[in-house]
2 protein chains.
Amino acid sequence: MTVAYEDMEIGMAIDVGEYTFARDEIVRFAEQFDPQPFHLDDAAAAASPFRGLVASGWHTCSAMMGLLVRNYLADSTSMGSPGIDEIRWVKPVRVGDTIRMRNKIVAKRVMESKPDRGIVSTEWECVNQHDEIVLIVRSKGIFGLRDPAQARA
Amino acid sequence: MTVAYEDMEIGMAIDVGEYTFARDEIVRFAEQFDPQPFHLDDAAAAASPFRGLVASGWHTCSAMMGLLVRNYLADSTSMGSPGIDEIRWVKPVRVGDTIRMRNKIVAKRVMESKPDRGIVSTEWECVNQHDEIVLIVRSKGIFGLRDPAQARA
């Protein structure tokens with residue numbers, strides 16, 4: 001059944017899968033969107049504060065979004081997002097790291113201007129294979145209501 | 001000359017260039033990282049709240065990061081970022097839109113724990129060809145000092 005605004009309860013946590021960062025994907029993303037030496041080149045990265053090649057933070061966020069869409073939003077009433085309230089790149093993501101993502105619902109409200117949809121605030125908790133948090137994202141999404149008339153009653 | 005922490009003054013605004021979002025790039029990014037119908041398919045997008053194909057917000061941010069790196073950070077003492085304080089996807093970015101980005105320096109401080117580097121807070125103001133703001137990003141970056149001894153004096 002398609003997930004609608006009404007199905008999202010504050011406190012729910014949904015595991016949306018995991019993603020392994022291969023070297024060639026880290027480098028390919030960086031070449032296009034974030035060509036800093038520590039995302040591109042092993043020798044330069046070894047000499048950087050990261051002491052080795054690390055994924056762009058925008059790559060990490062984008063890959064986690066991919067998990068969320070494929071494993072949760074794909075069959076939902078998702079209508080996009082007004083923005084992100086916070087991103088914390090807590091620890092570097094390195095070649096071969098496998099990052100798993102849990103999406104927690106932390107707040108929700110029906111929109112006053114458009115009462116057929118609501119804004120849902122979530123927190124993405126992203127953890128590596130050593131159980132270390134590498135990334136926290138506080139996000140907002142807009143979701144259609146299954147039954148707007150009921151919500152207004 | 002390489003841009004270091006000392007060169008960044010609060011109130012400075014740097015134009016870092018512009019990027020045009022081609023249809024094939026919008027779709028390719030979405031297929032990999034954000035396969036929601038309104039980023040992938042014209043007919044589905046026309047029926048969505050966006051009324052047409054729009055770039056993933058993660059694509060917009062990543063493309064703006066590419067401008068920033070190529071036209072500003074490339075010759076700097078950039079040492080990565082602890083995170084983002086806010087992203088606001090104010091208006092959709094559509095096929096053929098040209099988005100220009102201005103990076104404003106809004107705050108800076110030397111790190112107490114590592115006095116050879118500082119944290120610089122910036123605001124990315126991203127505007128389309130109709131002079132409409134489409135994206136605001138409040139970001140933090142870490143930059144090496146040119147002369148840490150001088151800064152501590």
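Chain identifiers are assigned alphabetically (A, B, ...) following the order of the sequence lines, protein sequences preceding nucleic acid strands; residue numbering begins at 1 within each chain.
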Most heavy-atom pairs under 4.5 angstrom with chain A, which of B:His59, B:Arg88, B:Met79?
B:Arg88

B:Ser81, part contacting chain A, at a heavy-atom distance under 4.5 Å:
both

Is a donor on one side and an acceptor on the other found under 3.5 Å between the side chain of B:Glu6 and the backbone of B:Asp147?
yes

Rounded distance [0.5 Å steps], CZ in A:Arg28 versus CG in A:Asp24
5.0 Å

Of the listed residues (A:Leu67, A:Asp85, A:Val69), which shares the most heavy-atom pairs with chain B below a 4.5 Å separation?
A:Val69

Give, as side chain, backbone, both or neither, the part of B:Arg138 having an atom under 4.5 angstrom from any heavy atom of chain A.
neither

Give, as side chain, backbone, both or neither, the part of B:Glu31 having an atom under 4.5 angstrom from any heavy atom of chain A.
backbone

Where along residues 37-52 of chain B does a heavy atom come under 4.5 Å of chain A, listed by residue number?
B:Phe38, B:Pro49, B:Phe50

About how many Å separate CG of A:Asp7 and CD1 of A:Ile105, when rounded to the nearest 0.5 Å?
9.0 Å

Quick check, are the ring centers of B:Phe29 and B:Phe21 under 6.0 angstrom apart?
no

Flag yes if more than 12 heavy atoms outside B:Lys108 fall under 6.0 Å of its NZ atom; otherwise flag no.
yes

Taken to the nearest 0.5 Å, the spacing of B:Cys126 SG from B:Ile87 CD1 works out to 10.5 Å

How many angstroms lie between atom OH of B:Tyr19 and atom CZ of A:Phe33, to the nearest 0.5 angstrom?
5.0 Å

